[in-house]
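Working notes, beginning with the structure itself.
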Amino acid sequence: MAGKISNAVAKKNTNIVDKPKSLKDYIKNMEGEIAKALPSVVTPERFTRIVLSAISSNPKLAECSPSSFLGAMMTAAQLGVEPNTPLGQAYLIPYNNSKKRIVECQFQLGYKGLIDLAYRSGQVNYIQAHTVYENDEFEYSLGLDPVLKHTPAKSNRGKPEYFYAVFKTKDGGHGFEVMSYEDVLNHARRYSKSFGDGPWKTNFEEMAKKTVLKRVLKYAPLKTDFVRAVSADESIRQVDTKSVSSGYSVDAFEDAKFETVVEADFSISEETKEDDFMTDEEKEEIIAAEIAEYEASLNEE
């Protein structure tokens, strides 16, 4: 998926702010393109307010390179998901790229955003993901006659042990996927640059559900558009800011000049598996500390 999409069509924007000095100025210049990219489920005014609020709530986002921030913002706009809100649909995450010595903005889908996209595809009539705790009754088996049974404990459910996702399509197809707590940790440690920070730290169970959802949806007969949308997850895209700052903006997001730097789980690149700003030893220490902190918080509850 890595590569450039060129042949951008430039169009004069009458709402241009001269010589953008901040992300707010760039966003103002991109208002027309935001409106074009957004589906009907979100209004341009609401989306712009949400993005500006995200910058105010997380000052680190203001340090991101404008090209990567605009790329992440436009990805959220095209998918029609609200970033950095309590809805948990998507996140704009600042990421330290030591190779470039800059802060870049990564787009990341949330658990609920992934479910929304699946329903919008029009091919799924049921999709859910759940956490299995140690005191729940849980049974599953694979093979020609797969079985999945889960009865939550009425109280004192204990610590999370498994995460699973199920789907049913409108034509009667169905499937499920199960991952253990350790499976999710290993997956996140290997593939996610933001593990130990962002939603992995604040909403671990939701990120775990998203991980197992992405796995099960690989087996669902969904349209190519949905797969392309999901492939934007955990990506860093670069929008050509010269056209924005010079008084022009790209005519449509699909034609915009951008570069995908980090690929998603549907097509994992070697770059995704590496952490650009920590040694392996430092990463292992931080991950171990995060796991210990998370497990301690469960004991307190």
Rounded distance [0.5 Å steps], [atom1] in [X] versus [atom2] in [Y]:
X	Y	atom1	atom2	answer
Arg190	Leu185	CZ	CG	15.0 Å
Leu61	Ile55	CG	CD1	6.5 Å
Gln128	Lys168	CD	NZ	10.0 Å
Ile93	Gln106	CD1	CD	5.5 Å
Ile34	Ile27	CD1	CD1	6.5 Å
Lys99	Arg101	NZ	CZ	12.5 Å

Taking side-chain hydrogen bond (donor to acceptor under 3.5 Å, both in side chains) as the test, write out the residues that go with [X], two or more places apart.
X	answer
Ser65	Ser68
Asp183	Ser180
Lys209	none

[X] versus [Y], closest heavy-atom pair with distance:
X	Y	answer
Ala62	Leu23	CA-CD1, 3.8 Å
Lys214	Asp233	NZ-OD2, 2.8 Å
Ala118	Val124	O-CB, 4.0 Å
Pro160	Tyr133	N-CD2, 3.6 Å
Ala232	Phe107	O-CD2, 3.4 Å
Ala77	Pro39	O-CD, 3.3 Å

By salt bridge (charged side-chain N to carboxylate O under 4.0 Å, His left out) - contacts of Glu63 (at least two apart): Lys60
Using modelled atom types only, decide if a donor and an acceptor are shared between the side chain of [X] and the backbone of [Y] within a distance under 3.5 Å.
X	Y	result
Glu134	Lys159	yes
Asn97	Lys100	yes
Lys210	Leu109	yes
Arg237	Met74	no
Ser57	Ala54	no

If you group Ile, Leu, Val, Met, Phe, Trp and Tyr by side-chain heavy-atom gaps below 4.5 Å, do Tyr119 and Leu79 land in one group?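 Yes, Tyr119 connects to Leu79 through the hydrophobic network.
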Among residues at least two apart in sequence or on other chains, which ones pass side chain to side chain contact (heavy atoms under 4.5 Å, CB included) with [X]?
X	result
Lys154	none
Thr169	Phe167, Asp171, Pro221
Ala153	Asn135, Asp136, Arg157

Show, in sequence, the C-alpha distance, side-chain angles and deciding distance for Asn203 and Tyr91, and conclude whether the side-chain contact (heavy atoms from CB on, under 4.5 Å) test is met. CA-CA 12 Å; Asn203 295 295; Tyr91 304 92; 3.6 Å; yes
If hydrophobic residues (ILVMFWY) are linked whenever their side-chain heavy atoms come closer than 4.5 Å, directly or via other members, who joins [X] in its cluster?
X	answer
Tyr219	none
Leu144	none
Ile102	none
Tyr164	Tyr126, Val132, Phe138, Tyr140, Leu142, Leu148, Tyr162, Val166, Phe176, Val178

Determine, stepwise, if the pair His187 / Met179 fulfils side-chain contact (heavy atoms from CB on, under 4.5 Å). CA-CA 10 Å; His187 180 92; Met179 295 180 72; 4.3 Å; yes
Go through the steps to decide whether Asp116 and Val81 satisfy the test side-chain contact (heavy atoms from CB on, under 4.5 Å), and finish with yes or no. CA-CA 9 Å; Asp116 286 345; Val81 292; 5.6 Å; no
Validation: residues 41-52 side-chain donor-acceptor distances under 3.5 Å, sequence neighbours left out:
residue : atom : partner : partner atom : Å
Thr43   : OG1  : Arg46   : N            : 3.2
Arg46   : NE   : Glu82   : OE2          : 2.6
Arg46   : NH2  : Glu82   : OE1          : 2.9
Arg46   : NH2  : Glu82   : OE2          : 3.3
Thr48   : OG1  : Pro44   : O            : 2.9

Report the C-alpha distance between Phe163 and Thr211 in whole Å, list the side-chain angles of each, state the deciding distance to 0.1 Å, and finish with yes or no for side-chain contact (heavy atoms from CB on, under 4.5 Å). CA-CA 9 Å; Phe163 302 91; Thr211 300; over 6 Å; no
